[in-house]
Amino acid sequence: MRNQVRLLGLLLGGTILGTSLSAVKAQEAASPSTSHETAPAEETVSTIYHPPAPNTPQATGVNAANLPDIDELPIDQLPQAVPQESANPKAEDWPAYGRDDRATRYSPLTQITPENVSRLQRAFVYHTGVLQPKGKLNRLAPETAPIKVGDSLYLCSATNDMMRVDAATGQEKWHFHAHESYDAIPFTSACKSVTYYTSSTAADGQTCHNRIIEATLDNRMIAVDAEDGKPCEAFGHGGQVNLMQGMGWSVPRFVGVTSPVPIINGVIVVNHEVLDGQRRWAPSGVIRGYDAESGKFLWAWDVNNPDNHHQPDKDHYYSRGTPNSWTAMTGDNALGLVYVPMGNSSADYYSAMRSDAENKVSSAVVALDVRTGEPRWVFQTVHKDVWDYDIGSQATLFDYHADDGSIIPALIMPTKRGQTFILDRRTGKPLPDFPVVEKPAPAGVMKDDPRTPTQPWSVGVPRLGFPDLKESDMWGVSPLDQLACRIKFRRASYVGEFTPPSLKKPWIESPGYNGGSDWGSISYNPQTGIMLANWNNVPMYNQLVNRKTADQLRLIPVDVPEYTPRHGMTAGNAAQAETPYGTLVGPFWNEFTRVMCNAPPYGMLTAIDLKAHKVLWQRPFGSARANGPWGLPTGLPIEIGTPNNGGSVMTAGGVAFIGASTDNQIHAVDLKTGKTLWTDVLPGGGQANAMTYAVNGRQYVAIMAGGHHLMGTPVSDQLVVYTLPGQATK
C-alpha cells in the first residue's frame, strides 16, 4: 500500500506556484557559509534605480488620488451604533464574511445531511463579468465569498464591482461598477467580500438605511444602498472615501485592500495590503478607523508614530515600511475591540532595519480600541519574522467553558506555521488550558541580522504540520529526480523550522510562507467545540543575494519605471530595495518536472476537538485529477493531498463544504469521519470560502469558482450555487 501511495504521490506535480530559483544555480555551489555572513558594503546600493522622496506626491493612475481628502470627525461626535444582525444572524442568513461577527463559518442549517448530500445539483450559476483582459498579465484571484441577507446575495468581483443577486434564482438585481483600472491591481486581484451595515441616522425606508460597503484594490472605500446599489451620497464624497490620504509616495499596484472591512460600534476599521518585497521604506501599514455613517476619519494606528492618532497634514505622511495587515479582521462589539492579524515590516527577509515598535507587532494579533485606535494588547506568533509568516487567517471568537465553570471570551488565531493559538480576547494572554511556551530557535548566520533565541509554540492544540524534513525523504518522478532533490537538499541550509536566511547558500523554509492556515481561515462549531482546518505542506527554497546580484537579476521595486510585472513565483522574488539584500523565493521542487521535493501529501484537512485537545480525524485533501508533472493533469481521482487555499463551512447537518484544492472541485465532507461524501468539478478553481444559506425553506451552498493565478487553477467569473432537488423540507 505504501508503494501505491508513493507512486500516486510522485505523479502529483506543479500546477502550483510558478518558476524556481534557477537564476541562482551558480550560487548554490558556492563555498559553505561561515558562522556569520554579510554583504560587502560597496554592494548595498543599487546601480539601476534610486529611491523617491517619501513625501513625493503619489503617481497618477491611482483612482483614490482623484478623490478629495476626507475630514476628521471628533470621536465624541460618533453616532450611536445600531446592533448589526451578524451578532446573532437568522439561521437562513449569512450576513458577514465569516457568517457571524465571531467569524465561526458555522451554519445551524440541517437540511443537507450525509445521507442526502450526494443528490446536490446546481441551482444556478451567476457570472460577475470580470475575466482577464486581453493582453494583460493574469492576476485574477477573486476569493469572493458572498453574504446573504433576506432574499439576496451580495458579492464583489475581482475588480471590486458590487452586485445584488436573487438568492433563489441567481437573477441580478443591481450591479455597481467600480470602474477600477486593471493596472491598479496589486499582485493579486482579490475581493474577499463586502460588508452589510444598517444606518443609525438614515431611518428605515430612507435611502442608504441598509448599506453595502467595500474597500478597493485602488484604495477607495465605497458605500452603496443595499436596495438599489446607488452610491450613498452622504458617505465621504458622493459615496466614496480616499484611502490614499496621508500615505505619501505610491504607485498603482503598491497598496490595495483585499478583505472586507469590519464595523464595530459604528466604526469601520480599514487595513490594507502593501505589495511584498519592494522597499524597506514602502508605504505605511497604518490601520485606520472611519465613521460608518459619514465616512469621516476617526483615528489611525501608526506603529512608528503611536501617540498621534490624527490624519497627517499635507506636509506629512504615515510612517513608512511598517507592518501591514491584509487579511480579514474580526470585531467584538461588547468589548469595543477589533482583532488585527498583522504581517511584517517591508523587506520580509531582512529585519536589521526594523524599529523596536515594528518588531513588537509584526506577525502578531493586535487588539485595537475602536474608539481611539489605541492597542489594548499584542500577542506575537513569530518573533523578528524573516520568513514571511505574516498572519493570513481571520481570528475566530468563541466562549470557552473552563473546568471551574467560568466562561472566558476567547479567540482562535491560526497561523501559517500550523500553530494555533487560543487567547483570552480581553487580555491577549493564552488560556490556561492552552499554554504557549518559548522553545529554543536556530541562531542566525547573518552577522548584521541576528535571530531571536526562542520562538513561541502552542500547547494544547495539535499542530497542523509534519516532522522536519530529512534527506532520505526526498521525492522524485524517477530515481534520478529523487537524487536531484537530495542534492538540492544537501546544498541548502536546513536546521528545521526557523532555519535562518543565508547569503552564501539557499535555505529551506518549512513550513513555507503558504504553509499551515492562510486566508481561508478555520471553521468552528460553537456547539461541539470542533475546529475544521485545511492546511498546506509546501516548503520553500530561498536565498539572499547581495545588491549587485539583485541588480543583475533585475529585482526592481514596483514604483521604478524599469519595473516589469511578472507572473508565478518570480513575482515572489523580493527586491528589498534600500536594504543590503534582495531575496530569491521559490518552491522546493525539482525544476524540470515541477514536482515538490518533499513527499506528499501537500494539502491536509484536519478536525480538532478543542475541548478534548485532540485530533478527531486527519486526511490528505485534494485529488491528483488536475495535477501532475510539468503541470499536466493525471486525471487520477485519488485524494493524495494538493496545495489548497480557501476555507470551509461547517453545518449542523453534519456536513462541511470546501473548495480550496487544486483539483478544481467542491467537496462535501462528513464531519464525523472526514470521508468525502460528494464532489463536483467547478468551472474554475475554488480558491474562495464556501458558504451556505436558505431561502423559502430550501438550503443552498455557494462557492466562487474564479480560480487563482498563484495556484495555477483555471480562471472563471462564475459563482456556482447548489441545492437539493424537489420540494424543500423542514
Side-chain angles (χ1 to χ4, degrees), residues 86-88 96-106 259-260 262-265 269 271 287 301 325 327-343 361-370 374-382 389-402 406-436 456-464 516-533 608-611 613 647 650:
S86 58
N88 291 291
Y97 177 57
R99 184 177 180 269
D100 47 40
D101 63 2
R102 294 189 167 198
T104 61
R105 296 175 179 82
Y106 168 78
S259 294
I263 302 177
I264 308 97
N265 296 336
V269 183
N271 61 359
I287 309 295
W301 176 53
S325 170
T327 197
M329 299 175 285
T330 314
D332 187 323
N333 287 291
L335 295 177
L337 298 178
V338 61
Y339 304 103
V340 184
M342 296 295 293
V361 301
S362 68
S363 298
V365 54
V366 179
L368 297 181
D369 188 312
V370 297
E374 284 282 346
R376 290 265 196 94
W377 55 258
V378 175
F379 178 85
Q380 192 162 57
T381 66
V382 180
Y389 285 153
D390 53 340
I391 304 178
S393 297
Q394 183 179 24
T396 293
L397 313 185
F398 73 110
D399 293 331
Y400 184 70
H401 295 259
S406 62
I407 299 176
I408 303 173
L411 173 152
I412 304 170
M413 191 70 262
T415 68
K416 291 181 178 180
R417 293 177 53 209
Q419 297 288 318
T420 305
F421 298 96
I422 311 294
L423 311 175
D424 185 324
R425 65 178 188 264
R426 300 166 298 184
T427 65
K429 297 182 182 298
L431 297 193
D433 291 343
F434 301 91
V436 174
W457 293 75
S458 176
V459 179
V461 184
R463 179 190 178 202
L464 304 175
S517 298
D518 209 337
W519 72 77
S521 310
I522 58 101
S523 53
Y524 175 77
N525 184 337
Q527 310 304 318
T528 63
I530 307 300
M531 179 184 93
L532 183 64
I608 295 175
D609 184 339
L610 290 181
K611 293 180 179 179
H613 306 266
M650 300 172 73

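Numbering of residues begins at 1 and proceeds along the displayed sequence. These figures come from a predicted structure and were not determined experimentally.
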**Report entry** Contact check, side chains of Arg105 and Ile522, non-hydrogen atoms, under 4.5 Å
**Finding:** no
Report task. Check step by step if side-chain hydrogen bond (donor to acceptor under 3.5 Å, both in side chains) holds for Tyr400 and Asp424. Result -> CA-CA 9 Å; Tyr400 184 70; Asp424 185 324; over 6 Å; no
Query raised in the report: Yes or no on side-chain contact (heavy atoms from CB on, under 4.5 Å) for Leu397 and Thr330, after CA distance, side-chain angles and deciding distance?
Result: CA-CA 8 Å; Leu397 313 185; Thr330 314; 3.8 Å; yes
**Report entry** 4.5 Å side-chain heavy-atom contact, Val361 and Trp301
**Finding:** yes
**Report entry** Nearest heavy atoms of Pro430 and Phe379, plus distance in Å
**Finding:** CG-CE1, 4.0 Å
Query - Main-chain N/O of Thr420 paired with Ser458 side-chain donor or acceptor, under 3.5 Å - result: yes
Side-chain polar contacts of residues 407-416 - donor-acceptor pairs under 3.5 angstrom, sequence neighbours left out - could you list them?
{"unit_1": "Thr415", "atom_1": "OG1", "unit_2": "Arg417", "atom_2": "N", "d": "3.3"}
{"unit_1": "Thr415", "atom_1": "OG1", "unit_2": "Gln419", "atom_2": "N", "d": "3.2"}
{"unit_1": "Thr415", "atom_1": "OG1", "unit_2": "Gln419", "atom_2": "O", "d": "2.7"}
{"unit_1": "Lys416", "atom_1": "NZ", "unit_2": "Asp390", "atom_2": "OD1", "d": "2.5"}
{"unit_1": "Lys416", "atom_1": "NZ", "unit_2": "Tyr513", "atom_2": "O", "d": "3.1"}

Query raised in the report: Is it true that a side-chain atom of Ser325 and a backbone atom of Pro341 form a donor plus acceptor pair closer than 3.5 Å?
Result: yes
Query - Residue pairs fulfilling salt bridge (charged side-chain N to carboxylate O under 4.0 Å, His left out) with at least one residue in residues 328-343, sequence neighbours excluded - result: Asp332-Arg425
Query raised in the report: Are Ile287 and Leu368 close enough that some pair of their side-chain heavy atoms sits under 4.5 Å apart?
Result: yes
Query raised in the report: How close do Leu337 and Ile264 get, heavy atom to heavy atom, and via which atoms?
Result: O-CG2, 4.0 Å
Requested in this report: Flag the pair Arg102 and Asp399 as a salt bridge only when some basic side-chain nitrogen lies within less than 4.0 angstrom of an acidic carboxylate oxygen.
Outcome: yes
**Report entry** Pair Asp100, Tyr106: side-chain N/O donor-acceptor within cut-off below 3.5 Å
**Finding:** no
Requested in this report: Can you see which heavy atom on Val378 is nearest to which on Ala364, and at what distance?
Outcome: CG1-CB, 3.8 Å
Query raised in the report: Any side-chain heavy atom of Asp101 within less than 4.5 Å of one from Asn333?
Result: yes
Query raised in the report: Does any pair with a residue in residues 519-532 pass salt bridge (charged side-chain N to carboxylate O under 4.0 Å, His left out), and if so which ones, sequence neighbours excluded?
Result: none
Query raised in the report: What are the two closest non-hydrogen atoms of Ala103 and Ala395, and how far apart are they?
Result: CB-O, 3.6 Å
Query raised in the report: Per the side chain to side chain contact (heavy atoms under 4.5 Å, CB included) rule, which among Met329, Met342, Arg376 passes with Val366?
Result: Met342
Query raised in the report: Counting distance only, does the side-chain N/O of Thr327 pair as donor-acceptor with the main-chain N or O of Gly392 below 3.5 Å?
Result: yes
Query raised in the report: Would a 4.5 Å heavy-atom cut-off, applied to side chains only, mark Pro260 and Tyr97 as touching?
Result: yes
Report task. Determine whether Pro262 and Val338 make a side-chain contact, defined as any pair of heavy atoms from C-beta on separated by less than 4.5 Å. Result -> yes
Query raised in the report: How far does CZ of Arg99 sit from OG of Ser523, to the nearest 0.5 angstrom?
Result: 12.5 Å
Query raised in the report: Are Val365 and Val340 close enough that some pair of their side-chain heavy atoms sits under 4.5 Å apart?
Result: no
Query raised in the report: Taking C-beta and beyond as the side chain, do Leu464 and Ile608 meet within less than 4.5 Å on heavy atoms?
Result: yes
Query raised in the report: Are the aromatic rings of Phe434 and Phe421 close, with centres under 6.0 Å apart?
Result: no
Report task. Verify, without hydrogens or angle tests, whether Gln380 (side chain) and Ser362 (backbone) share a donor-acceptor contact under 3.5 angstrom. Result -> yes
Query - Considering all heavy atoms, the nearest Thr104-Thr396 contact - result: CA-CG2, 4.0 Å
